[in-house]
Amino acid sequence: MEELGKLISTRIDKISAIKEMGINPFPYNYEVTDFTQDIIDNFDDYNKNNEEFKSVSVAGRIMSVRLMGKAAFCTINDKKGHIQLYVALKNIGEKDYELFKILDIGDIIGVKGIVKKTQVGEITVYIDSLTLLTKNIRPLPIVKEKDGEVFDAFADKELRYRNRHIDLIVTHGVKETFQNRVKIIKNVKAILDSKDFLEVETPVLLPIYGGASASPFTTHHKTLDMMLYLRISLEPYLKRLIVGGIDRVYEIGKCFRNEGMDRTHNPEFTMLELYQAYADYNDMMNLTEELFEKSCKMLYGKTEINFDGKKIDLKRPWKRLKMNDAIKEYAKMDVDSMTDEEMKAAIRHKGGEIKGAFIRGLAINEIFELYVEEHLIQPVFITHQPLETTPLCKVDYEDERYLQRFELFINANEFANAYSESNDPVFQRKTLYEQSLRRDVDEEAAPMDENFVQAIETGMPPTGGLGIGIDRMVMLLTGERSIRDVLLFPTMKPEK
RNA sequence: GGGAAAGUAGCUCAGUCGGUAGAGCACCGCCCUUUUAAGGCGAUGGUCGACGGUUCGAGUCCGUCCUUUCUCACCA
């Protein structure tokens with residue numbers, strides 16, 4: 001701490017020295033006309049045969065300095081990339097050169113000059129004007145690079161997450177990941193908008209929660225003197241909008257679940273939920289394929305990606321497999337002909353457990369998770385989950401023990417969940433009531449939502465509903481293995 | 001929640017058997033007008049995550065705690 005204090009106070013002293021030179025170390029603006037990567041990409045426009053030059057005005061943060069007496073090379077970063085500057089005493093004059101010599105890595109400068117290649121061919125701005133735009137006082141980590149190999153990378157993940165502003169400056173690829181995140185979300189929205197879906201915003205603070213099995217966060221409103229919950233899903237309000245006649249509706253927004261955290265779970269995360277009237281789960285499968293395939297093509301111009309060393313192809317159409325058939329294929333078991341005892345044994349054999357009373361449908365789901373999930377690397381829609389897995393979905397007309405539902409699996413992870421939504425008000429009231437009774441034994445069972453049931457009683461058209469975990473979609477498409485690498489500011493405990 | 005690993009200078013990391021705390025980069029001083037992990041010479045910089053314990057002596061051994069990473073379980 002003492003050392004850091006000295007480094008900082010040295011730089012604060014420099015601010016005084018700069019002011020004494022008659023220079024404002026924190027001026028108000030700078031006219032930027034060019035960006036680093038554009039200059040490199042369009043070198044010929046800036047330098048015609050080393051005879052005709054177009055002058056540039058660039059601003060950025062100093063990332064490295066190589067000072068050689070009366071001249072120096074340095075590198076600056078801007079929003080588009082980085083470029084080398086040639087700073088020579090004879091070109092900028094004594095006063096500005098004196099200023100340059102006391103600048104630090106991390107300072108932000110504006111420069112004007114012309115663009116040339118150095119003896120070894122590096123495109124470089126030969127500056128004739130230097131303006132200090134912001135003096136840094138807190139030293140940055142020094143990351144070096146040669147031939148694409150990075151040395152002394154800012155590698156401590158804890159420091160990176162806690163200091164994302166520094167991570168964005170010094171770690172290659174971080175900015176790109178978050179730019180890609182935005183591109184994916186914009187692309188998803190563009191696809192949905194083109195299909196006449198209406199994007200809406202629904203409440204985050206709720207008097208009652210539902211739409212999923214999860215433990216909520218609570219908060220308190222002073223004036224109303226009441227407890228409020230942070231939403232765990234978007235479903236209850238979006239369905240009311242379907243009832244209200246908004247036939248195609250979606251929201252991309254934060255949901256909050258007060259549960260464990262790991263590589264694929266953050267307490268707050270971003271969900272896409274959409275509802276389409278007069279559609280069923282088949283339409284939702286087609287739409288899901290389209291969203292993933294088009295987003296992948298938008299980023300990479302192709303449908304194959306490498307994730308975690310595995311080649312994954314998102315080209316449509318994807319395999320569609322009933323849950324029981326998946327169990328037959330991967331676990332060599334026919335659950336329809338198994339006794340309860342055989343199913344219990346199969347679950348225990350893989351280290352699973354049955355919570356509470358034995359429910360056949362939940363046991364089938366458990367067997368699927370234990371035996372099948374790990375094999376589902378290429379995209380596959382698993383359909384026809386047992387009736388007991390959710391109260392919000394219609395049963396299949398061919399076999400009422402199973403649902404018109406699918407879960408999308410890619411690389412053994414769940415990416416989407418969709419239903420032919422239940423709209424039978426009598427059935428809905430009954431199942432939600434029964435679920436609410438389980439709250440004694442299952443903390444995550446949702447309470448009865450009377451307003452929601454009344455909306456369904458008003459009459460909800462046949463509707464297909466789809467939920468996609470946006471963070472996981474971004475992880476897949478950017479190749480990141482941890483949700484914390486696709487969240488700018490992942491949830492962290494404060495340092496003590 | 002379980003398991004494993006980590007925390008030493010601003011950053012990246014060494015630190016052997018318990019015996020005065022190390023390097024590179026950054027920073028500071030000096031030299032240097034085509035460097036690019038620039039180079040050369042020199043100097044500064046440490047409550048070794050916190051608190052206890054063992055010991056003549058602890059960065060090192062033991063215990064508790066804090067933070068993080070990875071992983072298993074659960075959920076998206």
Separation between the C1' atoms of B:G39 and B:C25, rounded to whole Å: 14 Å

Given the structure, check if the side chain of A:Tyr86 and the base of B:U35 hold any donor-acceptor pair shorter than 3.5 Å. no

For the P atoms, the ones on B:G49 and on B:G2, what distance do you get once it is rounded to whole angstrom? 24 Å

Cation over ring, A:Lys144 on A:Phe151, under 6.0 Å and within 45°? no

If the C1' atom of B:A50 is compared with that of B:U68, how far apart are they to the nearest Å? 15 Å

A:Arg162 near the nucleic acid: base, sugar-phosphate alone, or nothing, with a heavy-atom cut-off under 4.0 Å? sugar-phosphate

For the residue pair A:Phe217 and A:Phe256, categorise the inter-ring angle as parallel (less than 30°), tilted (30 to 60°) or perpendicular (more than 60°). perpendicular

At 4.0 Å (heavy atoms only), tell me whether A:Leu140 reaches a base, stays on the sugar-phosphate, or touches nothing. nothing

Of the listed B:C27, B:U68, B:C32, the closest approach to the A:Met68 side chain comes from B:C32

Can you check the distance between B:A14 and B:C51, where both ends of the measurement are the C1' atom (answer in whole Å)? 27 Å

Minimum-distance nucleotide (side-chain atoms of A:Tyr126 versus B:U34, B:G24, B:U68): B:U34

What's the closest nucleotide to the side chain of A:Leu4 if the choices are B:G10, B:C70, B:U12? B:G10

Distance, P atom - from B:G57 to B:U71, rounded to whole angstrom: 43 Å

Does the plane of the ring in A:Tyr330 sit parallel, tilted or perpendicular to the ring in A:His375? Use 30° and 60° as the thresholds. parallel

Need one value for A:Asn266: base, sugar-phosphate or nothing, where a base atom within 4.0 Å counts as base even if backbone is also close, heavy atoms only. base

Per nearest nucleotide of RNA chain B, the residue lying toward the 5' end, A:Phe269 or A:Thr124, is A:Thr124

Mind checking A:Gly469 for me? I need base, sugar-phosphate or nothing, with any heavy atom below 4.0 Å counting as a touch. nothing

Where the side chain of A:Arg484 is defined as all heavy atoms beyond and including C-beta, which of B:U68, B:G10, B:C74 is the nearest nucleotide? B:U68

Closest to the A:Lys70 side chain: B:A26, B:U33, B:C11? B:U33

Is A:Tyr97 side chain donor-acceptor paired with the B:U33 base, going by distance under 3.5 Å alone? no

Categorize A:Phe151 for me: base, sugar-phosphate, or nothing, with a 4.0 angstrom heavy-atom threshold over every strand shown. base

Checking all strands, does A:Thr118 fall into the base, sugar-phosphate, or nothing category for heavy-atom contacts under 4.0 angstrom? base

Has the side chain of A:Gln119 got a donor or acceptor that lies under 3.5 Å from a partner of the other kind on the base of B:U35? no

Within the structure, does a side-chain N or O atom of A:Lys493 lie under 4.0 Å from either OP1 or OP2 of B:U67? yes

Applying a 4.0 Å non-hydrogen cut-off, can you work out what A:Ala155 is touching in the nucleic acid: base, sugar-phosphate, or nothing? sugar-phosphate

Select base, sugar-phosphate, or nothing to describe what A:Asp156 touches, counting heavy atoms under 4.0 Å on all strands. sugar-phosphate

Answer for the Watson-Crick or wobble partner of B:C32, both distances under 3.5 Å, is none

A:Arg405/A:Thr389 under side chain to side chain donor-acceptor pair (under 3.5 Å): CA gap, chis, key distance, verdict: CA-CA 10 Å; A:Arg405 173 186 182 190; A:Thr389 56; 2.9 Å; yes

Within 45 degrees of the axis of the six-membered ring of A:Phe452 and under 6.0 Å from its centre: does A:Lys239 put its NZ or CZ there? no

